[in-house]
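For reference, the structure is listed below as structure tokens.
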Amino acid sequence: MMTMNSVIETPVLKGIREMLERFRRIFDSISRTLHKVFNSPPFQDCLRQLAKIKHNQQRARQLYYRKKRSQSKRKAKRKG
């Protein structure tokens, strides 16, 4: 009688296990590389600069529409 934990090691199972182990090593390697890249000072500086650009664009858009609104209010006063 076999228990749930005992598995007969067949060539197919051995091949699958080896492939999974290779995949895990490759995945770990890629993961470490990405971690190094994303946490590197140049990449972090780049993210900060992008955040500043985005903030400045939002601010410019906000000011533009505020100016447009005040202009249309002045026009409405002149007409009314």
Side-chain angles (χ1 to χ4, degrees):
M1 188 170 108
M2 288 186 6
T3 62
M4 290 297 257
N5 290 341
S6 63
V7 177
I8 299 169
E9 182 80 359
T10 64
V12 172
L13 282 176
K14 186 177 181 189
I16 290 171
R17 180 175 287 127
E18 287 170 358
M19 281 176 57
L20 286 172
E21 184 58 34
R22 256 183 271 141
F23 175 76
R24 190 187 63 75
R25 279 198 301 267
I26 290 167
F27 182 79
D28 285 350
S29 172
I30 290 169
S31 180
R32 278 193 302 276
T33 303
L34 288 175
H35 185 76
K36 284 178 190 171
V37 168
F38 289 142
N39 290 313
S40 68
F43 189 81
Q44 292 296 315
D45 289 345
C46 183
L47 285 181
R48 271 191 287 279
Q49 286 174 346
L50 286 173
K52 280 182 190 174
I53 290 168
K54 185 177 179 186
H55 174 76
N56 289 340
Q57 285 176 335
Q58 288 172 337
R59 185 80 181 118
R61 196 175 299 121
Q62 195 178 34
L63 292 172
Y64 172 78
Y65 285 114
R66 188 180 297 161
K67 185 178 173 184
K68 281 283 194 195
R69 262 197 318 272
S70 68
Q71 283 175 350
S72 64
K73 282 181 185 175
R74 269 187 260 138
K75 273 185 184 175
K77 277 185 184 177
R78 268 190 261 144
K79 282 184 180 178

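Only heavy atoms go into these numbers, but all of them, side chains included; no hydrogens, no water, no symmetry mates.
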Could you state the interatomic distance from CD (E18) to CD (E21), rounded to the nearest 0.5 Å? 9.5 Å
Is there a side-chain contact between S29 and R32, using heavy atoms and a 4.5 Å cut-off? yes
CG/L34 to NZ/K36 distance, rounded to the nearest 0.5 angstrom? 11.0 Å
So OG1 of T33 and CZ of F38: to nearest 0.5 Å the spacing works out to 11.0 Å
May I have the step-by-step check of side chain to side chain contact (heavy atoms under 4.5 Å, CB included) for D28 and R24, ending in yes or no? CA-CA 6 Å; D28 285 350; R24 190 187 63 75; 2.8 Å; yes
If two hydrophobic side chains count as joined below 4.5 Å and joins carry through other members, does F27 share a cluster with M19? no
Value rounded to 0.5 Å, distance of OG in S31 from NE2 in H35: 8.0 Å
At what distance, to the nearest 0.5 angstrom, does CZ of R69 lie from OH of Y65? 10.5 Å
Those residues that, when tested against L63, pass side-chain contact (heavy atoms from CB on, under 4.5 Å) (two or more places apart): R59, R66
Answer with yes or no whether the hydrophobic clustering places F43 together with I30; edges join I, L, V, M, F, W, Y residues whose side-chain heavy atoms lie under 4.5 Å apart. yes
